[in-house]
Structure formats: C-alpha cells, structure tokens
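Residue numbers start from 1 in every chain, and the chains themselves are labelled A, B, ... in the order their sequence lines are given, proteins ahead of strands.
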Number of protein chains: 2
Amino acid sequence: MGSPQQRYQQILCKLRESNHKLTPQRLAIIDILVHSRSHPTVEAIFEMLQEDFPTMSLATVYRNVVLLKSLGEVLEIGFPDGSNRYDGNKPYPHPHAICVRCKKIVDPDLRALGNLTAQVRQRTGFKILTHRLDFFGVCRDCLQSENQTKGVGR
Amino acid sequence: MGSPQQRYQQILCKLRESNHKLTPQRLAIIDILVHSRSHPTVEAIFEMLQEDFPTMSLATVYRNVVLLKSLGEVLEIGFPDGSNRYDGNKPYPHPHAICVRCKKIVDPDLRALGNLTAQVRQRTGFKILTHRLDFFGVCRDCLQSENQTKGVGR
DNA sequence: CAGATATTGATAATCTTTATCAAATAATAA
DNA sequence: TTATTATTTGATAAAGATTATCAATATCTG
C-alpha cells in the first residue's frame with residue numbers, strides 16, 4: 001500500500017491536517033520510518049540520525065514515534081522482553097515472522113485473516129478493532145549458519 | 001488440557017524433576033496461576049497473596065513467574081504498553097481476545113492455525129517455533145454499558 | 001518580519017523488572 | 001530427629017526503558 005515516497009507524503013498530510021509543525025528532526029525520523037524495511041527500534045532510529053543530527057535528543061525520537069502512532073501512521077510492535085519496534089510502511093495490523101536469533105522481522109502475506117476475525121466476533125461477542133499475529137522462529141540465514149557450526153556431513 | 005488440579009500436579013512434577021524446592025510461597029503462586037481465569041499480572045498475583053503471605057516480596061512473584069516460564073508451564077502475554085499477563089492454564093500458544101476497555105482476556109477456540117503456520121514456513125523459509133495471536137476489541141459487557149451511557153432511545 | 005505556539009534538548013522522574021546478599025528454609029542423609 | 005547443604009526468600013539497590021518537565025529555540029501564520 002504505497003511506496004516509501006507516497007507514505008512520506010501521506011504522513012506529511014496528516015501532520016499538516018492536525019496542525020503539527022514540520023521540523024527537520026521530525027522529517028528525518030519519518031524518512032527513516034518509511035524507508036526502513038527492518039522494523040527499527042527507537043534506539044536504532046536515534047543512532048541512524050546521529051550523523052545528520054548530532055544534537056538530536058532520544059526524547060525527540062520517542063515523542064515523534066508516539067505522535068505518529070497516535071495519528072495511525074506507524075505500527076508499534078512490542079515484545080514480551082519489553083523491546084518495541086516500529087513499522088512506518090504498513091501502519092495497519094499484519095502478520096510478522098520474527099527470527100529469535102538475529103531479531104530479523106519479515107512480513108509474510110497471508111490470506112484468511114478476515115475469516116479469523118469474524119470467527120472471534122461470533123464466539124466471543126467482542127467488537128474486534130484490531131489484531132496482532134506474530135510467528136517466532138529461526139530464519140533461513142540463521143538455520144544455515146547453525147548447520148555449518150554443527151558440521152553436517154563429517 | 002487438564003483441570004486446575006491436574007495442572008497443579010503437573011507443575012509440581014516439573015519442579016521436582018528440575019530439583020526445585022516446594023516453598024509455601026511458590027506453591028501459593030502456582031495455585032493462583034492454575035486456578036485463575038483472568039490472566040493476572042504479577043502485581044495482581046502479589047495482591048492476591050497479601051492476605052495469606054503479608055511478608056511476601058514482589059521479587060518472589062517475579063522470580064517464580066520467570067522460573068515457571070522457563071519450565072514452559074506458564075505463558076507470558078506481553079503488551080506494547082509494557083504490561084505482562086500470565087496464563088498457567090494453557091501454557092502453549094493460543095489466541096486471545098482482549099477488551100481494550102476493561103482489559104478482560106478470553107480464549108476463543110479457533111481452528112485453522114496450524115494451516116497458517118505451514119503457510120508462513122513456506123513463504124518465509126523460517127522454522128516456526130511458536131506464535132502469538134491477539135484480537136483487540138470491546139467485550140460484550142463494555143459494549144452494553146457504552147450503549148447505556150450513550151442514552152440509546154431518548 | 002513579528003508574534004504565537006509547538007517543538008526541541010537536556011535531564012529528572014517514573015515505572016517495571018532484575019540483581020544483590022544476608023538470613024531463613026526445604027530437602028537429604030545420618 | 002537433627003545436621004548439612006544448597007536454594008529460596010525478603011528487602012532493597014540497580015538497571016533499563018519510557019515519560020514528564022521546562023527553558024530555549026524554531027516553525028508557521030499573517
């Protein structure tokens with residue numbers, strides 16, 4: 001749903017609509033969020049900005065992520081260990097496959113999710129607003145390096 | 001998969017197998033976990049124990065929850081806002097329906113999840129170990145009280 | 001360009017969870 | 001039953017992540 005450039009413009013629209021100012025720091029954070037495929041952490045975003053904005057405060061990154069979240073333009077993915085990661089490309093709920101080794105996150109496209117939502121509504125009586133679906137496992141790369149160290153063959 | 005009593009005994013087995021001691025505090029925490037249907041927080045467990053164990057330390061609850069988690073006998077359900085809740089009845093992954101108003105959590109039984117896992121394996125190359133599926137919405141009770149305050153009718 | 005307001009940076013405060021360590025306790029064997 | 005040993009507990013400090021505070025700065029509107 002939209003190239004990084006389109007996402008960037010869409011977010012700028014939302015900000016203008018809601019009377020928020022377009023500061024260089026804010027724009028840089030958005031730029032990273034819409035271009036990144038890695039679902040970065042706040043810390044990672046902060047580090048990526050160090051070069052261009054040496055005086056950037058960590059609080060600024062937190063504030064802007066919270067703002068974009070409240071505007072529905074960023075998806076927060078929080079984990080039991082307390083870490084949070086952010087997706088500015090697809091701010092709507094979608095499944096994730098997360099590597100427990102290297103922490104890589106990829107987005108598999110699955111059908112049949114609307115189906116599940118309807119089932120839950122029926123069985124629980126809940127009005128469903130959103131959902132969260134994560135698969136945890138080991139990615140192909142980590143499986144390979146695992147096999148190498150195990151010494152398959154001889 | 002097992003009544004609270006059965007779960008209780010099963011957890012005791014696991015503890016003995018792994019050479020852990022059966023302290024009154026530990027047993028009380030397990031008792032709450034296997035009998036509770038509310039997916040309690042650590043804080044909630046701590047408060048429930050105040051009556052019987054006035055000197056109970058919060059750290060003890062944390063320690064035992066971590067232990068039971070590591071033994072695979074408790075499922076941790078962490079949320080983006082940082083809160084964690086625990087399920088000692090069904091320590092294996094299963095879907096949840098969570099009320100965003102009253103924070104109630106219920107377990108709808110859904111089929112077709114093994115299906116999804118296979119799909120993810122195919123499309124990502126991941127070896128899937130576990131998953132997490134949560135639906136967020138408003139439960140029947142909260143929907144009703146919402147309608148009342150809205151003054152349906154006149 | 002000037003004025004009003006939002007945002008930033010620096011840092012303190014908060015909140016949750018983990019680590020530390022002496023004292024208490026459970027399991028084991030004599 | 002008692003002594004021994006290792007684990008666990010309670011109290012508290014420490015750590016880590018996020019939020020709040022507030023003066024200084026920068027943006028937007030006209």
Side-chain angles (χ1 to χ4, degrees), chain A residues 11-33 39-71 73-74 76-86 103, chain B residues 11-33 39-71 73-74 76-86 103:
Chain A
I11 294 176
L12 260 54
C13 265
K14 273 275 185 79
L15 286 171
R16 278 191 268 256
E17 278 173 18
S18 52
N19 289 325
H20 286 100
K21 294 179 177 173
L22 305 183
T23 67
Q25 294 93 332
R26 179 164 289 167
L27 296 178
I29 291 167
I30 296 170
D31 190 69
I32 286 178
L33 280 168
H39 308 74
T41 63
V42 162
E43 197 67 36
I45 297 169
F46 177 68
E47 283 164 15
M48 288 187 239
L49 289 166
Q50 286 298 51
E51 198 177 340
D52 290 340
F53 297 83
T55 69
M56 166 83 68
S57 171
L58 188 57
T60 297
V61 184
Y62 273 106
R63 273 188 294 238
N64 279 286
V65 164
V66 168
L67 171 64
L68 295 170
K69 215 173 38 166
S70 75
L71 294 175
E73 293 298 328
V74 147
E76 182 178 61
I77 319 169
F79 296 100
D81 69 0
S83 64
N84 284 310
R85 298 175 66 168
Y86 297 90
K103 311 298 178 192
Chain B
I11 294 176
L12 261 53
C13 266
K14 273 275 185 82
L15 286 172
R16 278 191 268 257
E17 280 173 18
S18 53
N19 290 324
H20 286 98
K21 295 181 177 173
L22 307 183
T23 66
Q25 294 92 332
R26 179 164 289 165
L27 296 178
I29 291 167
I30 296 169
D31 190 70
I32 286 178
L33 280 169
H39 308 74
T41 63
V42 162
E43 196 66 37
I45 297 170
F46 176 69
E47 282 164 17
M48 287 186 239
L49 290 166
Q50 286 297 50
E51 197 177 340
D52 290 339
F53 297 85
T55 69
M56 166 83 68
S57 171
L58 187 57
T60 297
V61 184
Y62 273 106
R63 273 187 295 238
N64 279 287
V65 164
V66 168
L67 172 64
L68 295 171
K69 214 172 40 166
S70 75
L71 294 175
E73 294 298 329
V74 146
E76 182 180 62
I77 319 169
F79 297 100
D81 69 1
S83 63
N84 285 309
R85 297 176 67 169
Y86 297 90
K103 309 299 178 191

Checklist outcome for this item: When B/N64, B/N84, B/V61 are each screened for side chain to side chain contact (heavy atoms under 4.5 Å, CB included) with B/V42, the one that passes is B/V61
Checklist outcome for this item: Expected string for nucleotides 19-30 of chain D under the B/S/- scheme (protein heavy atoms, under 4.0 Å, primed atoms plus P, OP1, OP2 as sugar-phosphate) is BBB-----BS--
Item to check | Check: B/R63/B/T60 side-chain N/O donor and acceptor closer than 3.5 Å | outcome: yes
Item to check | Rounded distance in Å - CZ (B/F79) to P (D/dT18) | outcome: 17 Å
Next on the checklist: Between B/E43 and A/M56, which residue's closest nucleotide on DNA chain C lies nearer the 5′ terminus?
Outcome noted: A/M56
Item to check | Donor-acceptor under 3.5 Å (A/K69 side chain, A/E76 main chain) | outcome: no
Item to check | Nearest-Å distance for atom pair CZ/C1', residues A/R85 and D/dA17 | outcome: 16 Å
Item to check | Phosphate contact (C/dT17 OP1 or OP2) by B/N84 side-chain N/O below 4.0 Å | outcome: yes
Checklist entry - Taking atom C1' of C/dT5 as reference, at what distance in whole Å does atom CZ of A/R26 sit? => result 13 Å
Item to check | Side chain to side chain, B/R16 and B/L22, heavy atoms closer than 4.5 Å | outcome: yes
Checklist entry - Quick one: A/Y86 OH to D/dA17 P, roughly how many Å, whole number? => result 12 Å
Checklist outcome for this item: In whole angstroms, the gap separating P of D/dT18 from CG of A/L67 amounts to 17 Å
Item to check | Any donor-acceptor N/O pair, A/R85 side chain to A/T41 backbone, under 3.5 Å | outcome: no
Item to check | Between D/dG10 (C1') and B/Q50 (CD): distance, integer Å | outcome: 12 Å
Next on the checklist: At less than 4.0 Å, is any side-chain N or O atom of A/T60 found next to OP1 or OP2 of C/dG9? Yes or no.
Outcome noted: yes
Checklist entry - How many angstroms lie between CG in A/L49 and CD in A/Q25, if you round to the nearest 0.5 Å? => result 9.0 Å
Item to check | Spacing of A/I45 atom CD1 relative to D/dA17 atom P, expressed in whole Å | outcome: 15 Å
Checklist entry - Would you say C/dT25 has OP1 or OP2 under 4.0 Å from some side-chain N or O of B/Q25? => result no
Checklist entry - Given C/dT7, is OP1 or OP2 found less than 4.0 Å from the side-chain N or O atoms of A/N64? => result no
Checklist entry - Over how many whole Å does the gap from A/L15 atom CG to C/dA6 atom P extend? => result 14 Å
Checklist entry - For B/H39 and B/Y86, what are the C-alpha separation, side-chain angles and deciding distance, and is it a side-chain contact (heavy atoms from CB on, under 4.5 Å)? => result CA-CA 5 Å; B/H39 308 74; B/Y86 297 90; over 6 Å; no
